[in-house]
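Every number for a ligand or one of its atoms is a count from 1 in the order of the listing. The figures that follow rest on heavy atoms only: side chains count, while hydrogens, waters and symmetry mates do not. If you're wondering where the values come from, they're calculated on a predicted model, not measured in any experiment.
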Amino acid sequence: MSLEQILQHRRAIRYYDAQQPISADRVEDCLKLATLAPTSSNMQLWHAHHITDPAVIQQLVPACLGQTTVSTAQQLVVFTVEPSLYKERCQQNIDFQRENIKRTYPQAKWEKYTALQTSYYTKVIPFLYSRFFGLWGGVRKVISTFAGWFRPIPRQMTEGAMDTVLHKSCALVAQTFMLAMSEAGYDTCPIEGFDAHRVKRILGLPCSSEVSLIVSCGIRQPSRPLGDRFRVDFSSQYHRIGE
Ligand SMILES: Cc1cc2nc3c(=O)[nH]c(=O)nc-3n(C[C@H](O)[C@H](O)[C@H](O)COP(=O)(O)O)c2cc1C
């Protein structure tokens with residue numbers, strides 16, 4: 001399928017065909033492809049909980065407000081964001097970049113580029129991702145407001161804004177997954193209509209995990225009409241700046 005065919009094929013499916021099972025390994029392969037999605041500062045602070053057990057899916061139905069896209073799903077993927085892993089990810093980025101820089105650049109650049117990467121992941125990222133009981137976000141906001149008077153600076157520094165950063169990246173991962181599923185001939189539906197507290201309890205997820213998006217998976221029921229896609233007029237959303 002071309003990219004356009006994949007995009008046309010992907011629809012939010014609310015009724016899956018009970019007669020057409022899908023392969024858990026193929027879904028896992030689509031999740032592997034989703035790891036190629038970009039994430040902010042390459043922090044990759046997401047997990048995918050791939051649910052193939054029908055009993056667990058049925059347990060999750062009430063927590064997903066009884067939606068048929070869940071009750072008829074063959075499998076589910078619960079995407080979570082994992083802010084508590086930021087220190088581990090910083091170290092992983094530093095370790096990777098140390099070798100990657102050697103493979104990519106001439107020796108004269110190694111020291112400078114390694115120092116830049118190390119400083120980014122030992123100073124900037126910990127400054128942005130540390131929480132200190134939710135108080136540090138307020139401190140960051142004050143600092144960024146003052147600093148912003150004198151030079152351009154990213155403003156998304158409060159706890160809430162950092163949450164958005166994490167969920168933005170996770171959404172890109174989920175979208176990449178859904179497109180990979182489409183290419184495999186499988187259907188999906190992104191879901192945010194759920195009780196995150198109950199979902200976490202059913203899956204035994206730690207307090208630090210935040211449920212970002214659930215994606216139901218299966219093959220669409222052919223007898224259920226999908227209807228046309230509604231999209232607002234492109235010209236009302238498109239703003240070209242320049243020629
Ligand atoms: C973040 C997000 C949350 C969504 N949550 C739900 C949901 O809880 N239940 C549902 O049936 N569809 C949900 N959808 C699907 C949208 O309703 C659907 O994508 C939209 O109507 C466009 O239809 P299409 O995907 O077939 O083009 C969600 C979509 C997104 C992007």
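Proximity to R10 (heavy-atom distance under 4.0 Å) selects the following atoms of ligand 1: 24 (P), 25 (O), 27 (O). Those atoms of ligand 1 that come under 4.0 Å of a heavy atom in C189, given as number and element, are 10 (C), 11 (O), 12 (N). Interface of R229 with ligand 1, defined as ligand atoms under 4.0 Å from a residue heavy atom, comprises 27 (O).
Contacts of R11 with ligand 1, taken as heavy-atom pairs under 4.0 Å, involve both backbone and side chain. Neither the backbone nor the side chain of Q175 has any atom closer than 4.0 Å to an atom of ligand 1 (non-hydrogen atoms only). Contacts between C64 and ligand 1, counted as non-hydrogen atom pairs separated by less than 4.0 Å, are absent for every part of the residue.
Distance check on atom 20 (C) of ligand 1: every protein heavy atom falls at or beyond the 4.0 Å cut-off.
Ranking protein heavy atoms by distance to atom 5 (N) of ligand 1, first place goes to E192 N, 3.0 Å. Shortest contact from atom 27 (O) of ligand 1 to any protein heavy atom: R231 NH2, 2.7 Å. Regarding atom 7 (C) of ligand 1, its nearest protein heavy-atom neighbour is Q67 OE1, 3.6 Å.
Ionic pairing of D29 and R26 is not present here: no N-O contact between side-chain nitrogen and carboxylate oxygen is shorter than 4.0 angstrom.
Below 3.5 Å of separation, one finds an N or O of R14 facing an N or O of ligand 1. On a distance-only criterion, G193 and ligand 1 share at least one N/O pair closer than 3.5 Å.
Of the residues E99, Q92, R98, Q97, the one that meets the side chain to side chain contact (heavy atoms under 4.5 Å, CB included) test with D95 is R98.
Counting only distance, with no hydrogens or angles, the side chain of S209 and the backbone of L205 share no donor-acceptor pair below 3.5 Å. When atom types are taken as modelled, the side chain of S169 and the backbone of T39 share no donor-acceptor pair closer than 3.5 angstrom.
In summary, the aromatic rings of F146 and W149 are positioned with their centroids under 6.0 Å apart.
A donor atom on one side chain and an acceptor atom on the other are not found under 3.5 Å apart for H50 and E28. In this structure, a donor-acceptor pair under 3.5 Å is absent between the side chains of S212 and E210.
In this structure, W46 and F79 have tilted ring planes: the angle between them lies in the 30° to 60° band. Between H49 and H47, the ring planes are perpendicular. Angles over 60° get that label, and only those under 30° would be called parallel.
Ranked by closest heavy atom to atom 14 (N) of ligand 1, the top entry among A12, P190, S212 is P190.
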